[in-house]
Amino acid sequence: MRLRLRSGALSAGCLLAEALGVALFLRGFFPLPVRSVSRGEARAEPPAEPAPPGTGIASNWTKIPPPLFRKVVIVLIDALRDDFVFGSKGKQFMPYTTQVVEKGTSYSFIAEAKPPTVTMPRIKALMTGSIPGFIDVVVNLNSPALMTDNLIWQAKAAGKRIIFYGDDTWVKLFPKHFVEYDGTTSFFVSDFTEVDDNVTRHLDRVLKREDWDLLILHYLGLDHIGHVTGPNSPLVGPKLREMDNILKKIHISLLSKEGEASLPSLLVVCGDHGMSETGSHGGSSEGEVHTPLLFISSAFEKKSGPLTQLELVQQTDLASTLAVGLGLPISRNNVGNIILPVVGSRTMREQLRFLHMNGFQLSTLLQENTPAYGKDLGYEQFKIAEKSHGNWIKLYLEGNNSEILLNLGKKVLKQYLEALRTLSSSLSKQVAQYDMYSMMVGTVIIMEVLLLLLLSVPKALSSRAEFEVPLSPPFFSLLFYLMCLMLCAIHVIVCTSAESLCYFCSMSWLTAVGVMMLISALMCGILSAVGKILENSRLPLKNAGASNSSWSEVDVLILAGTIGHVLSLGASSFIEEEHQTWYFLINTLCLALCQELCRNHFLLKECDLQLGTTVKQNFDSIGEASECRNIDVQAASDSKLGKAASSAEFVKGSDKWISLASPWIILICCRLLRSLNQTGVQWAHRPDFGHWLTSSEHKSELSVLAAVSLVMIFVLVQRRCSLVSKIAMALGLLGVYSYRAAIGNVVFPWQRDSKDISKGITEARFVYVFVLGIVFTGTKDLLKSQVISADSSVKSTGLWEVYSGLVLLSALLFRPHNLPVLVFCLLIQTVMTKYIWRPLKFDAAQITIMHYWFGQAFFYFQGNSNGIATVDVSAGFVGLESYVEIPAIFLTAFATYAGPLLWAIHLLCYLSSEVSR
């Protein structure tokens with residue numbers, strides 16, 4: 001008995017199975033953060049001091065210690081790199097902050113932020129002390145309310161009055177927590193000034209008031225400048241000077257209100273993340289993960305000497321440190337450690353009390369997330385430190401004030417610090433632990449579905465479009481049951497021996513057995529399809545001569561390169577440096593094409609003289625006599641012999657040498673593009689031609705390059721456009737240059753400086769009008785070819801018009817130094833179309849794969865990588881006065897994937913122009 005499935009039913013079933021496999025894989029690939037209790041349960045009593053050994057002695061410290069600071073001001077400067085404060089830029093543009101750091105009452109650190117270095121996960125890390133995962137990048141655009149225990153909620157529950165001004169992400173994460181707030185959108189990156197002025201305008205009024213305990217200011221201007229112009233922009237210096245003046249105003253105001261009897265105030269200066277060399281963030285480069293962390297208060301000792309080597313702390317350490325400073329419980333999901341120098345001025349008993357609270361919280365969190373927590377080194381160290389702490393308390397309560405008490409206290413302090421570091425490390429590693437079992441189950445399902453689809457393609461494309469699935473044969477029935485039993489046994493073994501929690505193991509047994517049955521059924525279907533193919537291969541061939549086929553070097557390269565690239569994705573290092581794979585493949589492809597062209601041009605004449613009756617079996621057009629073969633004259637048609645004569649005319653033409661040189665021209669273009677933008681991980685920090693062009697000293701060179709590139713784009717695109725589209729294209733490219741001049745990237749020849757910088761909204765919208773006009777003209781021709789006439793030339797023209805409109809849009813969204821990428825893209829497409837693809841008459845599959853390869857290479861030529869740090873967010877706000885979600889997402893996505901998209905659309909244009917084949 002056999003079940004016959006139509007191709008549509010088979011595809012639908014495979015799609016559902018594929019979705020299940022992908023969901024399981026992603027659930028294992030994106031680990032959830034360490035588990036924490038809800039906020040309602042988090043308001044538990046703090047642990048008491050460790051009980052001294054013996055009886056009759058008990059500590060009276062059972063409550064939360066009182067606050068160390070009367071008021072706390074947190075100034076978070078978005079994308080503030082550590083070298084902006086501690087480097088040469090800090091000395092030049094932030095003199096007051098530098099003076100406080102080097103000679104004032106402050107403690108300075110470099111805070112390390114864990115990837116992903118985007119705003120919302122970093123705010124979570126700062127306020128909860130936890131490490132958000134990469135899944136938080138997805139919800140960064142629309143931040144939901146934070147429901148886990150955090151510093152803001154603890155402060156509100158304790159009656160603290162909190163005021164916030166700045167990025168509205170805070171308002172979304174902590175709704176109804178602030179007694180006063182004013183949020184500004186963080187996604188309109190073209191705004192450098194108003195977004196900060198909306199925060200600063202409240203300062204004078206708020207600093208005079210006494211009705212608040214915690215003030216949070218989040219400044220976005222520096223981040224926006226980085227996104228649009230990069231960290232070396234001349235706009236960075238004035239913005240840092242503005243931040244320095246704001247910090248000076250806050251610090252002086254806090255000092256003026258400190259009375260002799262009152263507690264001191266605390267000013268905290270930090271960044272949520274840093275900035276890469278291109279001005280973006282999201283990855284793990286040093287510039288993105290290292291941010292300054294300053295604690296400024298009159299409670300600290302005044303520095304006398306120069307700034308020494310700064311200590312590296314974790315960004316998550318801020319939550320526990322501020323909790324102690326404000327007299328609040330430490331958040332239950334915190335994985336950070338108290339920064340000891342901030343509380344170093346307190347008594348030894350208070351310091352030990354703070355560290356014990358931190359250690360107790362971390363050990364409790366470890367118990368909730370690790371079944372074998374008792375064997376953890378950090379947990380053992382904490383118990384040892386806790387016991388030593390009890391001995392110290394016994395001596396203290398007995399009134400012992402000798403040197404023994406002091407030395408024992410220092411010893412306990414070191415034990416606590418070592419235990420805290422180990423506990424924090426153990427908890428942090430859990431965030432990076434993958435659920436390997438769920439990932440493997442998902443991968444097996446995905447691979448089985450892909451293999452089944454691959455084996456069923458011939459059946460699906462046949463006239464019957466059916467796929468036979470065996471149901472009754474004893475072999476497959478027995479195999480199905482045996483596989484189900486084996487997989488269930490493996491499931492039991494894995495789930496009972498796993499030390500960490502596994503999502504697939506937490507599913508119900510009914511669901512798990514269903515997944516096992518699906519895997520077994522897919523395997524039986526694959527074996528059935530393989531058996532059918534082997535059975536058909538034993539049948540005698542009707543035409544043995546027709547089965548003989550030869551593969552060229554290009555065919556072998558395309559197959560080997562595609563398979564090799566897929567296999568390379570199994571290693572993370574190849575994913576990080578994937579651009580190297582594509583650069584190698586297209587360079588090798590150019591060499592293979594060069595060999596194919598030489599064979600066609602130079603061996604054709606020799607073949608015609610020596611073997612006049614011999615023709616290459618698949619010789620279809622000009623220059624296609626690529627090999628000398630002994631083929632029966634009767635097997636070759638008269639039309640093919642006639643085309644051999646026309647090939648001789650092509651070889652004699654002047655285009656012969658251009659055709660031979662075309663692969664080398666493409667190689668030169670690719671080499672130049674590689675020098676334009678460094679990408680990947682290992683070499684991204686190295687200087688490139690793009691950095692040289694974008695520096696302020698070379699604006700005139702960038703202007704000339706941009707102008708020449710725009711002229712070249714017009715020359716290469718206009719050849720197949722209508723007169724109206726040519727005019728629109730010319731005006732649109734002029735608008736592109738005007739837009740870049742308006743925002744200060746380039747200058748016109750008559751401009752002496754670029755002081756009159758605007759957002760360029762009018763100029764950008766001017767270009768959008770022409771983009772829409774050209775795309776509309778092309779769409780009209782496409783509809784005309786489908787509805788009114790079936791003329792293929794009208795369809796080909798319409799596709800080219802749409803393609804031209806998208807080229808104009810790319811020119812607008814690309815940064816000026818990336819315009820040569822667009823020029824070389826068009827140039828390579830033109831050269832390959834005229835001098836390689838048409839003379840060699842490659843089939844549609846070969847042309848498609850070549851387009852795919854070059855599209856992927858141009859994705860990296862733009863400066864993109866597999867990390868989110870290289871996404872140019874500023875492209876999403878070209879021509880927008882405010883943040884509009886859908887246009888911003890579309891423009892950002894188009895600018896990021898412009899290379900692959902343009903090559904894909906060019907493929908459609910080429911195939912539509914070759915319908916005669």
Side-chain angles (χ1 to χ4, degrees), residues 46-66 68 107 109 129 295 299-301 308-314 316-325 327 329-330 334-367 370 373-428:
E49 278 187 318
T55 57
I57 303 176
S59 170
N60 58 353
W61 280 23
T62 58
K63 301 294 184 182
I64 297 176
L68 309 180
Y107 287 108
F109 306 93
F295 295 91
F300 306 145
E301 292 183 3
T308 57
Q309 183 69 29
L310 295 172
E311 181 183 350
L312 182 68
V313 298
Q314 297 300 313
T316 51
D317 296 342
L318 180 64
S320 54
T321 305
L322 285 182
V324 168
I330 299 174
N334 164 74
V335 298
N337 301 332
I338 291 176
I339 302 174
L340 190 61
V342 178
V343 298
S345 60
R346 314 301 293 184
T347 64
M348 178 62 72
R349 187 179 185 185
E350 288 177 308
Q351 294 182 51
L352 293 176
R353 170 71 168 150
F354 296 147
L355 295 180
H356 176 253
M357 289 173 56
N358 195 183
F360 184 85
Q361 173 265 319
L362 291 174
S363 62
T364 303
L365 189 62
L366 184 73
Q367 294 177 42
T370 306
Y373 65 89
K375 299 178 182 178
D376 186 85
L377 177 61
Y379 186 81
E380 294 176 353
Q381 290 175 339
F382 173 70
K383 288 301 179 182
I384 294 174
E386 195 175 37
K387 186 176 180 180
S388 301
H389 189 185
N391 293 329
W392 185 91
I393 292 175
K394 181 181 179 181
L395 292 176
Y396 179 82
L397 295 178
E398 290 175 350
N400 191 328
N401 295 320
S402 65
E403 192 74 18
I404 299 175
L405 183 68
L406 180 61
N407 293 333
L408 180 60
K410 292 179 180 179
K411 177 184 175 182
V412 176
L413 210 63
K414 291 181 180 179
Q415 289 177 336
Y416 268 134
L417 291 174
E418 186 65 28
L420 292 179
R421 279 193 290 267
T422 310
L423 284 170
S424 180
S425 176
S426 299
L427 290 167
S428 300

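Hydrogens, waters and symmetry mates are skipped; everything else that's a heavy atom, side chains included, is used.
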Q | CG-CE distance between Leu408 and Met348, expressed to the nearest 0.5 angstrom | A | 9.5 Å

Q | For Ala299 against Ser345, the heavy-atom pair lying closest together | A | O-OG, 4.1 Å

**Q.** Euclidean distance, Arg421 CZ relative to Ser428 OG, rounded to 0.5 Å
**A.** 13.5 Å

Q: Would you mind reporting whether Phe295 and Ile339 have side-chain heavy atoms less than 4.5 Å apart?
A: yes

Q. Which residue pairs pass the ring pair (Phe, Tyr, Trp, His ring centres under 6.0 Å) test when at least one of the two sits in residues 395-423, sequence neighbours left out?
A. His389-Tyr416, Trp392-Tyr396

Q: Output, in order, the C-alpha distance, side-chain angles, deciding distance and verdict of side chain to side chain contact (heavy atoms under 4.5 Å, CB included) for Val342 and Leu68.
A: CA-CA 10 Å; Val342 178; Leu68 309 180; over 6 Å; no

Q) In Å, rounded to the nearest 0.5 Å, how long is the span from CG of Leu423 to CG of Leu427? A) 6.5 Å

Kindly list each side-chain donor-acceptor pair under 3.5 angstrom involving residues 373-380, sequence neighbours excluded, with atom names and distances?
from	atom 1	to	atom 2	distance (Å)
Asp376	OD1	Ser426	OG	3.1
Asp376	OD2	Gly378	N	2.9
Asp376	OD2	Tyr379	N	3.3

**Q.** Side-chain touch Pro65/Val324, heavy atoms, less than 4.5 angstrom
**A.** no

Q.
Using every non-hydrogen atom in the two residues, find where Val313 and Asp317 come nearest and quote the distance to one decimal.
A. CB-OD2, 3.7 Å

(Q) Could you measure the distance from the CG atom of Leu355 to the CE atom of Met357? Nearest 0.5 Å is fine. (A) 10.5 Å

Q.
Nearest 0.5 Å, please: how far is CZ in Arg349 from NE2 in His356?
A. 12.5 Å

Q: Report the residues that fulfil salt bridge (charged side-chain N to carboxylate O under 4.0 Å, His left out) with Glu350, sequence neighbours left out, ordered by chain and then residue number.
A: Arg346

Q. What heavy-atom pair brings Pro50 and Gly390 nearest, and what distance separates the two atoms?
A. CB-N, 4.0 Å

**Q.** Contact check, side chains of Glu398 and Leu395, non-hydrogen atoms, under 4.5 Å
**A.** yes

Q) Among all residues two or more places apart in sequence or in another chain, which pass the side-chain contact (heavy atoms from CB on, under 4.5 Å) test with Ser320? A) Ile330, Asn334, Ile338, Asn358

Q.
Under the rule for side-chain contact (heavy atoms from CB on, under 4.5 Å), what residues qualify as partners of Glu403, not counting sequence neighbours?
A. Leu406, Asn407

(Q) So, using side-chain contact (heavy atoms from CB on, under 4.5 Å) as the criterion, who are the partners of Leu312 when residues are at least two apart? (A) Ile110, Glu112, His290

Q. Of the non-hydrogen atoms in Asn337 and Ser424, which two are nearest, and what is the gap between them?
A. OD1-CB, 3.6 Å

Q. Between atom CD of Glu386 and atom CG of Asn391, what is the distance when rounded to the nearest 0.5 Å?
A. 11.5 Å

Q: Could you check Lys383, Lys411, Lys414, Gln415 and say which one makes a side-chain hydrogen bond (donor to acceptor under 3.5 Å, both in side chains) with Ser388?
A: Gln415

**Q.** Centroid-centroid under 6.0 Å between Phe300 and Tyr107 rings
**A.** yes

